[in-house]
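Comments concern the structure below.
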Amino acid sequence: GDMSEELKILVVGDVDGQFTKLYKRVNKILERNGKFNALFVTGSFFGQTPDSLIDDLWDKLKSKEVQVPIPTYILGPTNDIQEVMYDKVKEGGDIIPNITFIGPTGIHTLANGLKIALLNGVYDSGKIINTQGTEYESLVAYTADDVRRILDIAKRVDFKGVDFFFSARWPDSVTRGSKQQIDSTWCTQNHGATSIASTVKARYHFSGGKVHFEREPYRNHTGSELPSNVTRFIGLAKVGNKDKAKWIYALNICPRATCDSATLLDIPADTTDSPFWHRAQRQQSHQAQNMQVGLHFGGGAYDRYNDQNRKRRQRTSQQPSKRPLVSPSTCWFCLGSEKVERHLVVSATREMYLALPKGPLVKNHVLIVPVHHVQTSMTIEQSGMDALIQYKSQLISLYAQQGMHCVIFERNHKSDHMQLQVVPVPKEVTSSMIEREFKSLGTRYGLHFSEFSSIKRAKEQFEFKEFFLFETPNGHIFVSEVGLGFPLQFGREVLCSPTILNKPERIRWKQCMLGKAQEEQEAKDFKEMFRDFDPFLRKKK
């Protein structure tokens, strides 16, 4: 059917081989509500013991004497007894007609357009011995490599998130931050589910377990990040459980790829912070946490959502104001946006413009920014690159006249519009001193810089990665991939170090902000000074 139509989906918890109970209930729902597109089982589909592995209905479904009433998608086995049922479909496929094992742990796109992250199995040592005594990888227990497969995709710059995340068991800290009193003592450690849940930005995360729990939605972005969808975690009880706890859930969903962003980015009133943030934040320096809030004219920044709003939100943390979507019209850096602080713009051409930063490190610190919504210098069109190179060489001439040369850096991490920071430093500070300082602080944060002769060369390796780039006055370019916990003010921290600018008090851009009147004066002075150098002004004369 039409891709943009809403899909009607059912999800159930552990079935444990009780197919008769499962499909009896499903058939009632279908009779009452018409056709559904799919049923997902987020837990154990087969039974836990050899006797309860399947019930009497199985053979009839297999022989098609009874039809499976709805395309049913299942996860992998949760114990060794169930493995035999997956013998022929280890890579995914139909176990019997209309009952499909989705496939190995990873990110899958189904024929109906849904994008799903899947964590098969349970948290365990990862290997078992089969009866012949040969060791083999088990589908039952997930390994660190399984989890890493998903995280590697989820950390790519172009990754937008998934519709569903299915894990057989709950991530153990998912109740944190919820107002509900819920018994989670039965929850065992589930590191993989926790790591994946905190990175894949699923719209819904379903797990099987002992009790039913629908958590308040939680947000997946902090104040300094591009807004993304909230996640609704839903834990479902076992099919036909004695306590009559809810074990089936119905929803309508329009696949992410065809869904409009207003629907995707809606933040309901009861939304909380992510229950998993404490983990990510422990890995960040305290300073980086303080900087989380609004690093936009990047490294030095426009606070993404202004301070007033944020303070108000902290007081009424349960009712976040609707956050603006970052589209070209609401982006701090798109020249066509009402958000741009125009008084800071000092020169512009069709493709690029120059602006003074919100919290300058030193006098004449400038940003080179694309006019349009371009994420990084690696994804820029050739015409944009030409304008960038012209601006760069004219700035270098300007600084040279003042006895300075410059360091250039770019952070593609928690930013969605490229900004190239250009910072003049005294000539006595040599390229090799600058390189040494970036590399030595970089190792503290796990960065490994590779050297390139041009951005074009770096592109092959870093186009789809989050990275930090710096260029020394002699024109050498160094790039490193960055990961979770990378401090947003890294570039400033390096330049403020004793061997370069020796201005530790200027690391935090917020402490360097000038009032609007002074910003206007600085911009006027800069324009005046840059007049003779501006490569695009002359052409206009």
Side-chain angles (χ1 to χ4, degrees), residues 151 154-155 157 195 198-199 220-226 273-274 276-305 307 310 332 357-362 365 367 375-377 407-423 425 434-450 462 465-472 478-513:
L151 300 187
K155 286 181 176 157
V157 179
S195 306
S198 62
T199 20
N220 285 301
H221 59 281
T222 58
S224 62
E225 295 171 301
L226 192 62
D273 277 349
S274 164
F276 309 120
W277 276 348
H278 68 290
R279 290 179 76 247
Q281 281 169 342
R282 269 213 301 276
Q283 297 161 14
Q284 292 183 5
S285 68
H286 181 61
Q287 221 164 7
Q289 273 187 49
N290 293 344
M291 295 295 293
Q292 280 277 275
V293 186
L295 291 168
H296 264 80
F297 249 10
Y302 286 93
D303 191 337
R304 165 62 78 56
Y305 307 108
D307 269 351
R310 201 178 73 250
W332 288 114
K358 262 317 231 191
L361 257 174
V362 289
H365 169 184
L367 310 176
Q375 172 134 2
T376 78
S377 57
V407 181
I408 295 172
F409 67 89
E410 176 186 7
R411 183 191 81 235
N412 173 36
H413 171 74
K414 302 196 172 174
S415 79
D416 47 71
H417 191 126
M418 170 200 141
Q419 312 113 52
L420 220 51
Q421 309 269 337
V422 188
V423 183
V425 299
I434 291 164
E435 179 188 337
R436 210 170 36 241
E437 203 56 48
F438 268 105
K439 285 180 171 172
S440 83
L441 189 64
T443 50
R444 287 225 318 252
Y445 296 118
L447 270 51
H448 303 286
F449 285 103
S450 313
F462 291 98
K465 295 191 166 126
E466 299 209 338
F467 62 80
F468 183 90
L469 166 155
F470 72 93
E471 181 177 335
T472 48
F478 300 85
V479 193
S480 169
E481 195 174 345
V482 301
L484 192 69
F486 173 67
L488 301 183
Q489 77 293 8
F490 174 73
R492 292 180 76 104
E493 203 177 321
V494 172
L495 294 184
C496 288
S497 68
T499 49
I500 303 181
L501 295 170
N502 195 18
K503 294 178 185 282
E505 75 287 350
R506 300 194 75 77
I507 293 177
R508 318 262 293 270
W509 68 271
K510 286 230 168 141
Q511 294 169 351
C512 307
M513 276 169 72

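Keep in mind it's a predicted model, so treat the numbers as computed, not measured.
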Student check: side-chain heavy atoms of Phe438 and Thr472 closer than 4.5 Å: no
Approximate separation, where rounding is to 0.5 Å, of Arg508 CZ and Arg492 CZ: 10.5 Å
Chi angles and distances behind the side chain to side chain contact (heavy atoms under 4.5 Å, CB included) call for Phe468, His413: CA-CA 8 Å; Phe468 183 90; His413 171 74; over 6 Å; no
Sequence-distant partners of Thr199, side-chain hydrogen bond (donor to acceptor under 3.5 Å, both in side chains), two or more places apart: none
Lys358 and Trp509, any side-chain heavy atoms less than 4.5 Å apart: yes
Polar side-chain atom of Asn220 near backbone of Ser274 as donor-acceptor pair, under 3.5 Å: no
Phe490 vs Arg411 side-chain heavy atoms within contact, under 4.5 Å: no
Thr443 (side chain) donor-acceptor with Ser440 (main chain) under 3.5 angstrom: yes
Aromatic ring proximity Phe449/Phe470, centre distance under 6.0 Å: yes
Side-chain heavy-atom pair Ser497, Leu441 within 4.5 angstrom cut-off: no
Arg506 versus Pro360, closest heavy-atom pair with distance: NH2-O, 2.9 Å
Thr499 side chain reached by Arg436 side chain, heavy atoms, under 4.5 Å: no
Minimal non-hydrogen separation, Leu361 against Cys496, with atom names: CD2-SG, 3.4 Å
Distance in Å, Phe276 CZ paired with Ser195 OG, rounded so as to fall on 0.5 Å steps: 9.5 Å
Minimum heavy-atom distance Leu469-Ser377, with the two atoms named: CD1-OG, 4.3 Å
Heavy-atom side-chain contact between Val494 and Phe409 under 4.5 Å: no
Smallest separation among heavy atoms of Phe462 and Ser480, with atom names: CE2-C, 3.9 Å
Residues that Arg444 engages under salt bridge (charged side-chain N to carboxylate O under 4.0 Å, His left out), provided they are two or more places apart: Glu493
Trace of the side chain to side chain contact (heavy atoms under 4.5 Å, CB included) decision for Glu410 with Ile408: CA-CA 7 Å; Glu410 176 186 7; Ile408 295 172; over 6 Å; no
Pairing residues for Glu471 by the salt bridge (charged side-chain N to carboxylate O under 4.0 Å, His left out) criterion, not counting sequence neighbours: Lys392
Inter-residue atom distance Asn412.CG - Gln419.CD, 0.5 Å rounding: 10.0 Å
Side chain to side chain contact (heavy atoms under 4.5 Å, CB included) evaluation trace for Phe486 with Glu466: CA-CA 10 Å; Phe486 173 67; Glu466 299 209 338; over 6 Å; no
Point-to-point distance, once rounded to the nearest 0.5 Å, from CZ of Phe478 to CG of Leu447: 13.5 Å
